[in-house]
Amino acid sequence: MRIRVCVVGKPKLGYAKAGVEEYSSRLNKTGRFELVQVREGKQNEESLRLLEASQSYLRVVLDERGELADTLSLHKKLLDWELHGEKGVAFLIGGANGHTEELRRRADWLLSLSRFTLQHELALVVLLEQLYRIETLKRGEPYHR
Ligand SMILES: C[S@@+](CC[C@H](N)C(=O)[O-])C[C@H]1O[C@@H](n2cnc3c(N)ncnc32)[C@H](O)[C@@H]1O
């Protein structure tokens, strides 16, 4: 199953750039991962671009109001979708103003990384590290403990 992470703009903060490069390059080795960066704009324009970028994929919308999950439950959710023959899952991270209501309504799963509001580049790094962690669980590597 393909994993696509859709995000608004390119990371500008040094620590986020480094984190995104680190985990993207690890995830790229799976051959099933892609990071799609959509153009910045008004909130509704960004949400529309995120919807377009995730067409025909299941949508996991990252939002502080979403359901809290842990690493193993995210791993299980992805495995279940894969077993059901889903072609791909897209994770959507909003810009500084977040997502529109319309985008939130179209989520297959509204996922919160914590109850804190995170700067969107930091949220991206956290998500990528979790996806990499799940990849090592699938491969039986001793990264997750
Ligand atoms: C700065 S936040 C937007 C905050 C905005 N006030 C809102 O109501 O969504 C930018 C993006 O980062 C992601 N994000 C920030 N905190 C998050 C959290 N705790 N869980 C999941 N995603 C989060 C979301 O995708 C959000 O759209």
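When a ligand or atom number is given, it counts from 1 through the structure's own listing order. Because only heavy atoms are used, hydrogens play no part in the values below, and waters and symmetry mates are left out as well, while side chains stay in.
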Between Glu102 and Arg105, is the closest basic N to carboxylate O distance under 4.0 Å? yes
Below 30° counts as parallel, above 60° as perpendicular, anything between as tilted: where do the rings of Tyr132 and Tyr23 land? tilted
Report the residues that fulfil ring-ring contact (aromatic ring centres under 6.0 Å, His included) with Tyr57, sequence neighbours left out, ordered by chain and then residue number. none
By the salt bridge (charged side-chain N to carboxylate O under 4.0 Å, His left out) test, which pairs, at least two apart or in different chains, include something from residues 120-131? Glu129-Arg133
Under the salt bridge (charged side-chain N to carboxylate O under 4.0 Å, His left out) definition, can you give me all pairs with a residue in residues 71-82, not counting sequence neighbours? Lys76-Asp80, Glu82-Lys138
Are there any protein N or O atoms under 3.5 Å from the N or O atoms of ligand 1? List them with distances, or say none.
residue, atom, partner, partner atom, Å
ligand 1, 8 (O), Arg65, NH1, 3.2
ligand 1, 8 (O), Arg65, NH2, 2.9
ligand 1, 9 (O), Arg65, NH2, 2.9
ligand 1, 16 (N), Leu118, N, 2.9
ligand 1, 19 (N), Ser114, O, 2.7
ligand 1, 19 (N), Phe116, O, 2.6
ligand 1, 20 (N), Leu113, N, 2.8
ligand 1, 22 (N), Asp63, N, 3.4
ligand 1, 25 (O), Leu62, O, 2.7
ligand 1, 25 (O), Gly94, N, 3.0
ligand 1, 25 (O), His99, NE2, 3.4
ligand 1, 27 (O), Gly94, N, 3.4

Say you draw a straight line from NZ of Lys87 to OG of Ser56; how long is it, rounded to the nearest 0.5 Å? 3.5 Å
